[in-house]
Amino acid sequence: MAQIEARTAAGMRDFLPNEMLKRRYVISIVEEVFQLYGFEPLQTPILENTETLLGKYGEEAEGLMYSAKHGRQDEASVAMRYDLTVPLARVVAEHYNEFNFPFKRYQIAPVFRGDRPQRGRFREFYQCDADIVGVGRMIADSELISLAIKILRRLGFEAFTVKINNRKILTGMGQYAGVPDEQLSDLYRSVDKFDKIGADGVQKELLEGGIAEDVVERMMTLLQAGGSGTETLDNLAEVLADYEVAVEGIDELQQMATHLTRLDVPAENYAFDFTMVRGLGYYTGPIFETVLDDDSIGSISGGGRYDDLIGIFRKESLPTTGISLGIERIITLMDERGMYPDSIGETVVQVLVTVFNREMQDEAAALAMRLRNGGIRTELYMSDSRLKLGKQFGHADKKGIPIVAVMGPDEVEQDIVTLKRLQDGTEVTVKRGEAADKVRELLG
RNA sequence: GUGGAUGUAGCUCAAUGGCAGAGCACCUGAUUGUGGUUCAGGUGGUUGUGGGUUCAAGUCCCAUCAUCCACCCCA
């Protein structure tokens, strides 16, 4: 029988133990800060009814969605979630009467997209979302930005900027430019490329899109008017004064600027950027995106207000805003920059208890239990081949276990144990009863 | 979905159409109470897969699959 080739499916990854330790470190910090801001955990199924997921996107979503089949054909079709936002909207509608609003939840969980894999782009990846349901005021959006900044700082990032824009302003600009509604998405797409293709590139695309030359000229001026001061907004408000929706959007950003100061967000950490669009069609108000000042990897967090989404599942919608941390990118960056504390290490094991020979097996097991009962993460050596201390030390070394315990005939006779710290070769003998405390001391 | 590049040992990669190799990793020993360093030896291959050209194919041709890169898209 031919062997089956051992490999993950396209775009899927294994996380081996040493990677898991890093991922868990990042996730634990993110989760801790979510809770500091009063968000509560939520878990939803990986599979949802296909109808739920198709919700708003129809055929658009179909191309990227994994459908899930089983032997029975006579049930409603289900598919794997491609984000955590649509399931949240479903949860809110389904459990509406069980919640007190505002409802603040976070969720860190895998999602699936049948995209073609590329660097930093996988078919299974983690999303890390915090959302506030039931508040239309700008304090909610502002708190999300404060939250994201707090998390990034805790993880060790310093030079970054949250770009802020408002869909209402973009809509107003579209009206100002005289772009018909059905061409608005083309306009946004071009504007969004500003970082990549520059002002000239955007200008060219807009002209090719059939927008009049003088309008393009004026739009280019508007787009490049970003900055963190509210005077930026004032200037924009003058130009767009005739477009109600734009005025509303500008006013929202002005409110946010005030809130952000109160929420410990310094002016150098955010900027209004009218070229920032974000792809999602469901945003209705403020949108935000975080980029590192010293790396071109793209955004490491993003979000915005989507007041209409819950309306897909309920007669009346609820104002909602949310933020998503690009945790896969964040982890990639932290790997590249070595931003993990040394304490994470390569293994969870703190001590390897060696087995001197088969006769000493029970003594070794007893010592392992003594250490475990003392709160030390302990591996008891086991092997089907000949027991050799050198091999056991080698095992500890390769695995990154910091301390090795040796208990040979001499130690048993004197009721002691030899502990060796591999890193610097420090070796001590202690009474067995004091082993756990001594290990803790050696670990520093 | 479009275009390009690359597939050789577990990993990183060599090999003018002419005996499939190196480094690292792994295993054994030097070392029967101690890892890393060193030294000696060893395991490991249907060269992604299927066809074709040739006396001869890792190498050339076709197809296919996979990976990577740039687009498209990115809920």
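In the text below, chain A, chain B and the rest are named by the order of the sequence lines, each starting its count at 1. Nothing here was measured: the structure is a model prediction, and the numbers come from that model.
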Trainee: Are the ring centres of A/Tyr381 and A/Phe356 closer than 6.0 Å?
Mentor: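 No, the ring centres sit 6.0 Å or more apart.
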Trainee: Could you tell me the separation between the OH atom of A/Tyr188 and the P atom of B/C72, rounded to a whole number of Å?
Mentor: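 Distance check: A/Tyr188 OH to B/C72 P gives 19 Å.
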Trainee: Considering every strand shown, what is the Watson-Crick or G-U wobble mate of B/U64 when both distances are under 3.5 Å?
Mentor: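 Looking at the geometry, B/U64 pairs with B/G48.
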Trainee: Under a 3.5 Å cut-off for both distances, is B/C71 Watson-Crick or wobble paired, and to whom?
Mentor: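 The answer is B/G1, by the H-bond criterion.
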Trainee: Paired with B/C19: which nucleotide, if any, by Watson-Crick or G-U wobble criteria at under 3.5 Å for both distances?
Mentor: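 The answer is none; no pair meets the criterion.
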Trainee: P atom, B/U49 versus B/A40: distance in rounded Å?
Mentor: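 35 Å, rounded to whole Å.
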Trainee: Would you please test A/Tyr82 and A/Phe125 for ring-ring contact (aromatic ring centres under 6.0 Å, His included) and show each step?
Mentor: CA-CA 10 Å; A/Tyr82 49 79; A/Phe125 61 97; over 10 Å; no
Trainee: Which nucleotide, in any strand shown, forms a Watson-Crick or G-U wobble pair with B/G33, with both distances under 3.5 Å?
Mentor: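 In the structure as shown, B/G33 has no Watson-Crick or wobble partner.
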Trainee: Please check: side-chain N/O of A/Arg113 versus main-chain N/O of A/Arg123, any donor-acceptor pairing under 3.5 Å?
Mentor: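 Side chain of A/Arg113 to backbone of A/Arg123: no pair is present.
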Trainee: So, under a plain 3.5 Å distance rule, would you say the side chain of A/Glu411 forms a donor-acceptor pair with the base of B/G33?
Mentor: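 Answer is yes: a donor-acceptor pair is held.
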Trainee: Could you state the NZ-C1' distance from A/Lys391 to B/U28, rounded to the nearest angstrom?
Mentor: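 Spelled out: NZ on A/Lys391 to C1' on B/U28 is 10 Å.
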Trainee: Remember a base hit wins even if backbone is also touched, and classify A/Arg386 as base, sugar-phosphate or nothing at under 4.0 Å, heavy atoms.
Mentor: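 Result for A/Arg386 = sugar-phosphate.
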Trainee: Separation of A/Lys420 atom NZ from B/G36 atom P, in whole Å?
Mentor: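 These atoms are roughly 10 Å apart.
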Trainee: Which is true for A/Lys193 with a 4.0 Å heavy-atom rule: it touches a base, it touches only sugar-phosphate, or it touches nothing?
Mentor: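 Sugar-phosphate, backbone atoms only, no base.
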Trainee: Which whole number of Å gives the distance between the C1' atom of B/C62 and that of B/C26?
Mentor: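 B/C62 and B/C26 have their C1' atoms separated by 39 Å.
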Trainee: Within this structure, what is the OH-to-P distance between A/Tyr66 and B/C74, rounded to whole angstrom?
Mentor: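 Between P of B/C74 and OH of A/Tyr66: 18 Å.
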Trainee: To the nearest angstrom, how far is A/Leu419 atom CG from B/G33 atom P?
Mentor: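 These atoms are roughly 20 Å apart.
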Trainee: If we take the P atom in both B/G48 and B/A9, what is their distance in whole Å?
Mentor: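 B/G48 and B/A9 have their P atoms separated by 8 Å.
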Trainee: Please state how far atom OH in A/Tyr381 lies from atom C1' in B/U34, giving the value in whole angstrom units.
Mentor: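 The distance from OH of A/Tyr381 to C1' of B/U34 comes to 13 Å, rounded to the nearest Å.
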Trainee: Should the pair A/Arg432-A/Glu363 be classified as a salt bridge under the 4.0 Å nitrogen-to-oxygen rule?
Mentor: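 Answer for the salt bridge query: yes.
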Trainee: Which is more 5' along RNA chain B, the nucleotide nearest A/Leu389 or the one nearest A/Gln127? Just name the residue.
Mentor: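 The residue whose closest nucleotide sits nearer the 5' end is A/Leu389.
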Trainee: Please state the C1' separation for the pair B/U43 and B/G35 - nearest whole angstrom.
Mentor: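 Roughly 23 Å separates the two C1' atoms.
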Trainee: Which nucleotide, if any, forms a Watson-Crick or G-U wobble pair with B/G41, using both distances under 3.5 Å?
Mentor: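 Paired with B/G41, as far as the under-3.5 Å criterion goes, is B/C27.
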Trainee: Expressed in whole Å, how much space separates the C1' atoms belonging to B/G44 and B/A20?
Mentor: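 Per the computed distance, 13 Å lies between those C1' atoms.
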Trainee: Could you give the distance separating B/C13 and B/U8 at their P atoms, to the nearest angstrom?
Mentor: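 9 Å, rounded to whole Å.
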Trainee: Is there a side-chain polar atom (N or O) of A/Arg189 under 4.0 Å from OP1 or OP2 of B/C73?
Mentor: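 It does, given that an N or O in the side chain of A/Arg189 lies less than 4.0 Å from OP1 or OP2 of B/C73.
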Trainee: Let me know the distance between CG of A/Asn357 and P of B/U34, rounded to the nearest Å.
Mentor: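 From A/Asn357 CG to B/U34 P: 14 Å.
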Trainee: When the P atoms of B/A15 and B/C69 are compared, how many Å lie between them, rounded to an integer?
Mentor: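 It comes out at 24 Å once rounded to the nearest Å.
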Trainee: Without decimals, in angstroms, what is the distance between A/Lys398 NZ and B/C26 P?
Mentor: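 About 5 Å, once rounded to whole Å.
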Trainee: Could one point to a donor on the side chain of A/Glu427 or the base of B/U34 with an acceptor on the other under 3.5 Å away?
Mentor: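 Yes, the side chain and the base share a sub-3.5 Å donor-acceptor pair.
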Trainee: Decide yes or no for A/Ile27 and A/Ile327: does some side-chain heavy atom of the first lie under 4.5 Å from some side-chain heavy atom of the second?
Mentor: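 Yes, side chains in contact.
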Trainee: Which is more 5' along RNA chain B, the nucleotide nearest A/Asp410 or the one nearest A/Lys388? Just name the residue.
Mentor: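 Its nucleotide being nearer the 5' end, the pick is A/Lys388.
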Trainee: Do the side chains of A/Phe313 and A/Val86 get nearer than 4.5 Å, heavy atoms only?
Mentor: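 Yes, close enough: below the 4.5 Å cut-off.
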